[in-house]
Amino acid sequence: MGITDQIAADWHASLAALAWQVDLGVSDVVGDTPVSRYDLPETNRAGAMPPAAVTPRAAGPGAPSAAGPSTPPVFAQTPKVDAVAAAQTAAARATSLDALREAMAGFDLCDLKKGARNTVFCDGNPAARVLILGEAPGRDEDMEGRPFVGRAGQLLDRMFAAIGLARSNPDPAAALYITNVLPWRPPGNRDPEPGEVAMMRPFVERHIALADPDLIVVMGNTPLFALTGQKGIMRARGAWTTALGKPMLPMVHPAYLLRTPIAKRKAWADLLSLQARLRGNG
Ligand code: URA
């Protein structure tokens with residue numbers, strides 16, 4: 001192998017290793033040895049504070065220094081924030097979908113945001129009669145900034161196309177509006193935690209109130225739990241219920257259908273039930 005091949009191979013191997021780590025949810029790089037950013041010269045510090053605001057750390061609390069006996073450093077106590085209350089306030093202030101999108105993009109209390117590339121807000125026609133509520137963005141959605149664009153999303157599009165509904169349709173009667181419980185990808189596509197769902201629920205409620213669909217379809221356990229507090233999508237699926245004052249149909253998640261094609265038969269029955277409701281026969 002020549003030196004050029006070697007460099008190319010290293011480059012591809014490095015890129016593959018990096019992509020793998022991003023897939024696992026790695027969002028920060030930490031060195032092997034600790035670096036005190038306070039000891040670096042001013043010009044080398046990213047986002048350095050003015051010297052007067054810096055509390056010396058290297059010597060540790062109570063250690064003597066050249067300037068005489070030190071007093072223990074005082075660390076400011078960060079007041080505890082009620083994230084659910086903050087989400088409720090931010091969501092309630094939004095009087096349009098655009099304002100809600102901005103409010104969510106500016107909401108910093110959910111740690112998932114730190115590892116996400118995009119705040120995935122919605123896709124489709126906001127005037128659609130049917131709103132689909134999914135779980136959370138995966139890798140493809142995080143990269144593209146739109147919900148359900150990966151393999152599960154492509155299956156979702158085919159499923160709803162089979163009953164004449166498409167997210168891109170300008171006619172509200174034939175359109176879909178799609179959003180998720182969480183707008184940020186959980187690292188490594190892990191299941192959302194109940195605390196994350198509780199924190200983002202006020203935004204989901206407001207989202208549904210502002211979009212004001214005729215019917216809601218929840219795809220999978222997380223949105224079922226977020227809207228009803230109920231668990232067990234396999235038992236709940238196919239049975240119409242009411243959530244946030246609207247008729248709601250629970251369905252299994254298309255990612256589950258990709259893994260378990262036999263379940264498509266039941267999903268088809270659910271789609272026909274949705275179609276009958278839309279036609280006023282359900
Ligand atoms: N699964 C979801 O629940 N939502 C998405 O946006 C993508 C996959």
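This chain uses plain numbering: 1 for the first residue, then up along the sequence. The structure displayed is predicted, hence computed values, not measured ones. All ligand and atom numbering here is 1-based and tracks the order in the structure.
- In terms of polar-atom proximity, Phe148 is counted as a contact of ligand 1, with an N or O under 3.5 Å from an N or O of the ligand.
- We find the CG-OG distance between Leu176 and Ser168 to be 9.0 Å, quoted to the nearest 0.5 Å.
- Counting protein heavy atoms only, atom 4 (N) of ligand 1 is closest to Asn180 OD1, 2.9 Å.
- At least one heavy atom of Glu141 sits closer than 4.0 Å to an atom of ligand 1.
- Both the backbone and the side chain of Glu135 come within contact range of ligand 1, each with a heavy atom under 4.0 Å.
- Atom numbering of ligand 1 starts at 1 in the shown order; those under 4.0 Å from a heavy atom of Gly134 are 3 (O).
- Interface atoms of ligand 1 facing Pro147, defined by a heavy-atom separation under 4.0 Å, are 6 (O).
- Of the heavy atoms in His253, only side-chain atoms (C-beta onward) come closer than 4.0 Å to ligand 1.
- Of all heavy-atom pairs spanning Lys113 and Asp108, the tightest one is NZ-OD1, 2.5 Å.
- Under 4.0 angstrom from ligand 1, the non-hydrogen atoms of Ala136 all belong to its backbone.
- Interatomic distance, CG of Asn189 versus CG of Asp142, reported as 9.0 Å (0.5 Å rounding).
- Taking the six-membered ring where tryptophan is involved, the planes of Phe121 and His207 are essentially parallel, since the angle between them stays under 30° and well short of 60°.
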Name every donor-acceptor pair, under 3.5 Å, that has one atom in a side chain of residues 259-271 and the other anywhere in the protein, sequence neighbours excluded.
residue, atom, partner, partner atom, Å
Thr260, OG1, Tyr256, O, 3.2
Asp270, OD1, Arg237, NH2, 2.8
Asp270, OD2, Arg237, NE, 2.9

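- Listed by first then second residue, pairs satisfying side-chain hydrogen bond (donor to acceptor under 3.5 Å, both in side chains) with a partner in residues 127-138 read Arg129-Asp214, Glu135-Thr222, not counting sequence neighbours.
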